[in-house]
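Basis for what follows: all heavy atoms, side chains included, without hydrogens, waters or symmetry-related copies. All of these numbers come straight from a predicted model, not from anything done at the bench.
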Amino acid sequence: MGYVLGIDLGTSSLKGIVMNQQGGVVAEASSAYEIDSRAPGFSEQHPEYWKDACEEVLTRLSREVPSFGAELEAISFSGQMHSLVVLDEAFRPVYPAILWNDVRTTRQCQEITERFGKQILEITKNRVLEGFTLPKILWLQENEAEIWNKVRHIMLPKDYLAFVLTGELHTDFSDAAGTLLFDVRKADWSDEICDEFGVDRALLPPACSSLEQVGVLKESYRERFGLKQAVRVFAGGADNACAAFGAGLVNDEEALVSLGTSGVFSSFEQGLSNYQGKLHFFNHVLPGVNYSMGVTLAAGNSLNWFKKAFGQGATFEELLRDVGEVAPGSDGLLFTPYIVGERTPYFDSEIRGSFIGIDTHHELKHFARAVLEGITFSLKDSQVLMEQAKNKRFERIISVGGGAKNADWMQIQADVFNAEMIQLEVEQGPGVGACMIAAVGCGWFDSAEACREVFVHYKKEKFTPSPKNVERYARFYKLYREVYPATKELSKDLLSSL
């Protein structure tokens, strides 16, 4: 039979998924852990949390799947991006991991931008933001000098876990690309950036393809979990890249929209597109290609906020039950989902959300639909940037996450994006992408496309754009685009008055 195991190291939990050669899910298990916040803006985890969670997941899977020990052939990983892990010469963590959502590094971001911002953008294809790894390194240098002097290895979360399981130090191109230390074009660490900011390249792990074998599972783990054969371990990739691969995004004819707490619009890139920092641009998990990504900070989070503030205890199904009765454009009501600031295309932490056009005939259903439309308009900002750069239009878009669970929202996406929208039969997240990396890596398939045909399946139902609604939404999107410049200074003034 043969199994592969995908391990998804997330921010709040670690998930394991076992799949067979037919692309079937054999078993799943997860283990949760906490985020530590010992000061405002701090977001940390101890790497031991991930090790313990991984061992718990392996224990459960080995018990739940009778043939796990005999059939497991390979393991790969998906991991949270950007988070900083630092080890001493004995490979022990010397500081809690500083996570991607930690915002203590605003001053360091300003310093990097002033000193080397133009070069950073040219080399990495990304702007300097608090989420990336380099500002965290500078913060450690400046605020924990004694700790920094002990650092001998800089790692990313999934790569620390791979080291625990194999004893080998590696990272992959897709995760390295999220550090602001990596030359996307050369697919190698940047000497210029390392020299400018005092990061010895010897501290950084070798970078390789996501499909490359980086070791075999330690004998102690084989014995502990009853594994009968040498289990090959492959590098894996960054969570967003794995999620795209796991959803079947393997060509530049399609795009992916993911609606979770935040929203992501991503696209496969054959070459080096120059978005001038307006979009994120990273190496992909697939060899020789890249992907671009736009982010709406509060996508599902906007809907969660709206439900909590105005839903009066209603479920999401009840809250959205009547939105189909409302015409596109919510009868003249616009919502901007900037409730925690915005990322693409504005990179503005001080902008705040708004409802525009409220009058006495608007009811709860109008506001609910306006929220769905506003989130989708925000993601269209990323779509427009990509399509303009490529000089082409996406004919088909894969929708995953909360937006794929509601038929009315799927139709809104089809009409706003002016593209056919499709959904996965079963959503398993980035863990499927990790399984697919292991499956291709260990030779089950000779290409990513062949693996997609077996592992990724879409629902037969498709949502196609209505020409009438497309035209109507084009007018409302134009108005939506005018809200940000009209409210930018007002938002700043409101915040400063608090």
Donor on one side chain, acceptor on other, [X] and [Y], under 3.5 Å:
| X | Y | answer |
| --- | --- | --- |
| H280 | R127 | no |
| T261 | N301 | no |
| T59 | E56 | no |
| Y3 | Q21 | no |
| N101 | S43 | yes |

[X] atom [atom1], neighbour heavy-atom count above 12 within 6.0 Å:
| X | atom1 | value |
| --- | --- | --- |
| K228 | NZ | no |
| E34 | CD | no |
| R63 | CZ | no |
| E122 | CD | no |
| K278 | NZ | no |
| E89 | CD | no |
| E425 | CD | yes |
| K405 | NZ | yes |

Take K51 and E55 through the salt bridge (charged side-chain N to carboxylate O under 4.0 Å, His left out) test and state the conclusion after the steps.
CA-CA 6 Å; K51 175 179 178 291; E55 291 177 353; 3.0 Å; yes

Which value, rounded to the nearest 0.5 Å, describes the distance between [X] atom [atom1] and [Y] atom [atom2]?
| X | Y | atom1 | atom2 | answer |
| --- | --- | --- | --- | --- |
| F445 | E453 | CZ | CD | 10.0 Å |
| K218 | E223 | NZ | CD | 13.0 Å |
| R232 | L217 | CZ | CG | 13.5 Å |
| I120 | N126 | CD1 | CG | 10.0 Å |
| E254 | S266 | CD | OG | 11.5 Å |
| L156 | D175 | CG | CG | 4.5 Å |

Classify the ring geometry of Y160 against W50: parallel below 30°, tilted from 30° to 60°, perpendicular beyond 60°.
perpendicular

Please check if the side chain of [X] supplies one atom and the backbone of [Y] the other of a donor-acceptor pair under 3.5 Å.
| X | Y | value |
| --- | --- | --- |
| E44 | P96 | no |
| R152 | N149 | yes |
| S174 | H284 | no |
| E318 | T315 | yes |

Before you tell me yes or no, could you show the steps for E142 and W148 under side-chain hydrogen bond (donor to acceptor under 3.5 Å, both in side chains), namely the whole-Å CA-CA distance, both residues' side-chain angles and the distance that decides it to 0.1 Å?
CA-CA 9 Å; E142 296 170 4; W148 176 250; over 6 Å; no

I'd like to know if K186 and D188 make a salt bridge, using a cut-off of under 4.0 Å between side-chain N and carboxylate O.
no

Is the shortest side-chain N to carboxylate O distance from E269 to K390 below 4.0 Å?
yes

Test ring pair (Phe, Tyr, Trp, His ring centres under 6.0 Å), reference Y291, set F268, F282, F281, F245, output is F282

Is the gap between the ring centers of W139 and F42 under 6.0 Å?
yes

Using the rule side chain to side chain contact (heavy atoms under 4.5 Å, CB included), only one of I397, V295, T344, T296 pairs with L379; which is it?
T296

Name the one of D239, D8, D172 that satisfies side chain to side chain donor-acceptor pair (under 3.5 Å) with K158?
D172

Is the terminal nitrogen or CZ of K380 (NZ for Lys, CZ for Arg) located under 6.0 angstrom from the six-membered ring centre of F417 and within 45° of that ring's axis?
no

